[in-house]
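Written out below as structure tokens is the structure these notes cover.
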Amino acid sequence: MAPIGQTVNPTSGSDALSRARQRASLMPDCLVEAKRIANTVIAGWHGRRKRGIGENFWQFRPYAEGESLSRIDWRRSARDDHTYVREREWEAAHTIWLWCDMSPSMMYKSSYGSVSKESRALVVMLALAEILARSGERIGCPGIMEPVSTRNAGERLAAALMHAPLTGGLPETAMIRGWSDLVLIGDFLDDAPVIMERLGPLARRGLHGHVVEIADPAEEIFPYSGRTEFIDPETGAKLISGRAEHVRETYRNAYLARRDSLGQSLRHLGWTFTTHRTDHLASEALVAVHMYLSGMPAKATHGGLL
């Protein structure tokens, strides 16, 4: 991610067009993979459903003394010696905003990762849109797609992303109103205080946030040795290390300290923080975020849930 609030030299027209075409070519495969993962995860899962005011049938339960007789389902009660009440499903469509970082740093893929960070982020976001849309939620993407309540929300979001402008950094959120949920997916490589400067005000506005950090394995283990040239994908700045292995420990300590600081700051706001490596299954991140949205605590896994 480019540093928030700082200007980065714009990408040349030809490079921007090439990146746009590359992202568009990714989208069909990402959508297919997202639907496959969503179908696997959602099987037998009721998600956010619960009893309440609505039109759809929820369940039968035994009649309790003192309740209104008008609530009794006489047809069901006639089948045996018990009296039953028909309950309906709670219906209150919630707005969930989904966003993933598509800045140049997300295009990174080492030989240790199965896909690029950008590809994994898109799959997780589209799969989440598929699952939530089937639950009747309203899905939107800040600055790219207004909230919609439709079962093909994943496809509509994919189409909108194909034509979205190339931007980096966190999204604009002025259009988000009310008590919504915001899911942010990216590598979040900026310093934690810089990121929290943008996210803190969102929490104070009442937004419930869920941050998913996508990492390539090489970014964690730093497998480089010997004379190595490092290039910043955002600015093009270069750094040459004569013996890269000598800075491995210092780098890893700084990398993990940034992650720990960000996670603690987010949890202090009441937000959730999940880390996911591209050499793990995409379903791990998907399950964790969906459980958070459903109000259930996510269990730690090998994927690094925090």
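Because only heavy atoms are used, hydrogens play no part in the values below, and waters and symmetry mates are left out as well, while side chains stay in.
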Please examine the side chains of [Y] and [X], heavy atoms only from C-beta on, and report whether any two atoms are closer than 4.5 Å.
{"X": "Pro147", "Y": "Ile139", "answer": "no"}
{"X": "Leu202", "Y": "Trp271", "answer": "yes"}
{"X": "His208", "Y": "Leu293", "answer": "no"}
{"X": "Arg151", "Y": "Glu130", "answer": "no"}
{"X": "Thr228", "Y": "Arg243", "answer": "no"}
{"X": "Glu213", "Y": "Thr274", "answer": "no"}

Side chain to side chain donor-acceptor pair (under 3.5 Å) partners of Ser241, counting only residues at least two apart: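 Ser241 satisfies side chain to side chain donor-acceptor pair (under 3.5 Å) with no residue once adjacent residues are dropped.
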With Gln264 via side chain to side chain donor-acceptor pair (under 3.5 Å) - residues at least two apart: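 Scan of Gln264 (side chain to side chain donor-acceptor pair (under 3.5 Å), adjacent residues dropped) gives Asp260.
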Tyr112 ring center within less than 6.0 Å of Phe222 ring center: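 Between Tyr112 and Phe222, which both carry aromatic rings, the centre distance is not below 6.0 Å.
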Lys117 side, atom NZ; Met107 side, atom CE - distance, nearest 0.5 Å: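 Here the rounded value is 11.5 Å.
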Side-chain donor-acceptor contact under 3.5 Å, Ser105 with Asp187: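 Checked: Ser105/Asp187 side chains pair up, N/O donor to acceptor below 3.5 Å.
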Intermediate values then yes/no, side-chain contact (heavy atoms from CB on, under 4.5 Å), Met196 and Leu266: CA-CA 8 Å; Met196 296 308 301; Leu266 288 169; 3.8 Å; yes
Side chain Arg205, main chain Ile176, donor-acceptor under 3.5 Å: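 Yes.
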Shared hydrophobic cluster for Met145 and Ile185 (ILVMFWY, side-chain gaps under 4.5 Å):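 Met145 clusters together with Ile185.
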